[in-house]
Participant: 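Structure incoming, see below.
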There are 2 protein chains.
Amino acid sequence: MDPKNFLSLDSLLTDRVRLAIMATLCAAEEPLDFASLLDNLELSKGNLSSHMRKLDDAGLVSIKKEFVGRKPKTTYCATEAGRAELKRYLDVLSNLIKETRQ
Amino acid sequence: MDPKNFLSLDSLLTDRVRLAIMATLCAAEEPLDFASLLDNLELSKGNLSSHMRKLDDAGLVSIKKEFVGRKPKTTYCATEAGRAELKRYLDVLSNLIKETRQ
DNA sequence: GTAAACTGGTTTGCATGACAAACTGGTTTG
DNA sequence: CAAACCAGTTTGTCATGCAAACCAGTTTAC
């Protein structure tokens, strides 16, 4: 693969924070809540919140909001589209790495 | 590797354009001039120019300026530090991919 | 010989986006 | 009931990517 093809790749996952979030969510196999993501990844709350919003808008994650006891709780889960997009992105990266390394 | 470690990675190469530039330069094994990079990667001149400046400031590429005939010519070459940085970056990515895929 | 188009870039200004600080809305603790 | 805390969201700021405009010169056309 030519680096040019890599450049033409348009994905939300080109941001490293979002890539890490999706990697974490997909690896987990179970939904993760805000607090878990927060301390797995050590982000600020605002930062995490806005990335999750973008991933949600793009359909890469689903968000469930509920109350546990009296407290609000938000849980995130990678959608099928999200898993597919992560795979696609990692495939492209793998190719770039392979070609670059030869 | 934990995605958190990936997040802590601080590199100029987290930008995909610069990653493509370094991949191209390192793959080439010979210095490339501005025009070559320009049409290998299909960037605008301004965009390429500013990325090259950053890579130069960081010591990842060296820049040679000369006149060929009557025309100015700028040639770029990956430095040892640049090659090392590309390797480091790709290693980290490989790890992330491996762990994420298992 | 001079105007127009091209080469080889650099500088600029703008728009997007990441990020943390500040805020909201509610709950638990003292 | 006030202070501290929890779970996020909204906001403002700052950085960065990017292309348009520019600069300095060269070649081509008339």
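Letters go in sequence order (proteins before strands), and every chain restarts at 1. From a predicted model like this one, the values you see are computed outputs, not experimental measurements.
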Participant: Heavy-atom contacts under 4.0 Å between residues 68-79 of chain B and DNA chain C, which residues?
Facilitator: B:K71, B:P72, B:K73, B:T74
Participant: From CG of B:N47 over to C1' of C:dT11, roughly how many Å is that when rounded to an integer?
Facilitator: 14 Å
Participant: Please identify each residue that fulfils salt bridge (Lys or Arg N to Asp or Glu O under 4.0 Å) with A:R53, with sequence neighbours left out.
Facilitator: none
Participant: Dump the intermediate steps for side-chain contact (heavy atoms from CB on, under 4.5 Å) on B:L19 and A:F6, then the final yes or no.
Facilitator: CA-CA 9 Å; B:L19 179 53; A:F6 166 64; 3.8 Å; yes
Participant: Can you establish whether the number of heavy atoms outside A:D10 located under 6.0 Å from its atom CG is more than 12?
Facilitator: no
Participant: Keeping B:T79 on the side-chain end and B:L60 on the backbone end, is there a donor-acceptor pair under 3.5 Å?
Facilitator: yes
Participant: Applying side-chain contact (heavy atoms from CB on, under 4.5 Å), run through B:T75 and B:E30 and close with a yes or a no.
Facilitator: CA-CA 10 Å; B:T75 323; B:E30 56 176 6; over 6 Å; no
Participant: Reading DNA chain D from 5' to 3', where do the contacts with chain B start and stop? Cut-off is 4.0 Å to heavy atoms.
Facilitator: D:dT16 to D:dT27
Participant: Let me know the distance between CZ of B:F34 and C1' of C:dT10, rounded to the nearest Å.
Facilitator: 9 Å
Participant: Can you tell me how far P of C:dC19 sits from CG of A:L43, to the nearest Å?
Facilitator: 8 Å
Participant: At their closest point, which heavy atom of A:L41 faces which heavy atom of A:A20, and how far apart are they?
Facilitator: CD2-CB, 4.2 Å
Participant: B:T14: what forms a side-chain hydrogen bond (donor to acceptor under 3.5 Å, both in side chains) with it, not counting sequence neighbours?
Facilitator: none
Participant: To the nearest Å, how far apart are B:D57 CG and C:dT10 P?
Facilitator: 12 Å
Participant: Does A:F67 or A:R18 map to a spot on DNA chain C nearer the 5' end, using the closest nucleotide for each?
Facilitator: A:R18
Participant: Got more than 12 heavy atoms from elsewhere within 6.0 Å of CD, B:E66?
Facilitator: yes
Participant: So, is A:H51 close to the C:dG17 phosphate, meaning a side-chain N or O under 4.0 Å from OP1 or OP2?
Facilitator: no
Participant: Just jot down the salt bridge (Lys or Arg N to Asp or Glu O under 4.0 Å) partners of A:R16, sequence neighbours excluded, or say none.
Facilitator: none
Participant: For a quick check of understanding: with a heavy-atom distance under 4.0 Å over all strands, which category does A:D15 fall into, base, sugar-phosphate or nothing?
Facilitator: sugar-phosphate
Participant: Measure from CD on A:E42 to C1' on C:dC19 and round the result to the nearest Å.
Facilitator: 16 Å
Participant: Give the dot-bracket string for DNA chain C, reading 5' to 3', where a pair is Watson-Crick or G-U wobble with both distances under 3.5 Å, ( ) marks pairs inside the strand, [ ] marks pairs crossing earlier ones, | marks a partner on another strand, and . marks unpaired.
Facilitator: ||||||||||||||||||||||||||||||
Participant: Using atom types as modelled and distance alone, determine if a side-chain donor or acceptor of A:S49 lies under 3.5 Å from a backbone N or O of A:K45.
Facilitator: no
Participant: Return the value, rounded to whole Å, for the distance between atom CG of A:L38 and atom C1' of C:dC19.
Facilitator: 14 Å
Participant: Provide, to the nearest angstrom, the distance between the CG atom belonging to B:D33 and the P atom belonging to C:dT7.
Facilitator: 13 Å
Participant: In whole Å, I'd like the distance from the CG atom of A:D10 to the P atom of C:dG17.
Facilitator: 10 Å
Participant: Does a donor on one side chain sit under 3.5 Å from an acceptor on the other, for A:S36 and A:D33?
Facilitator: yes
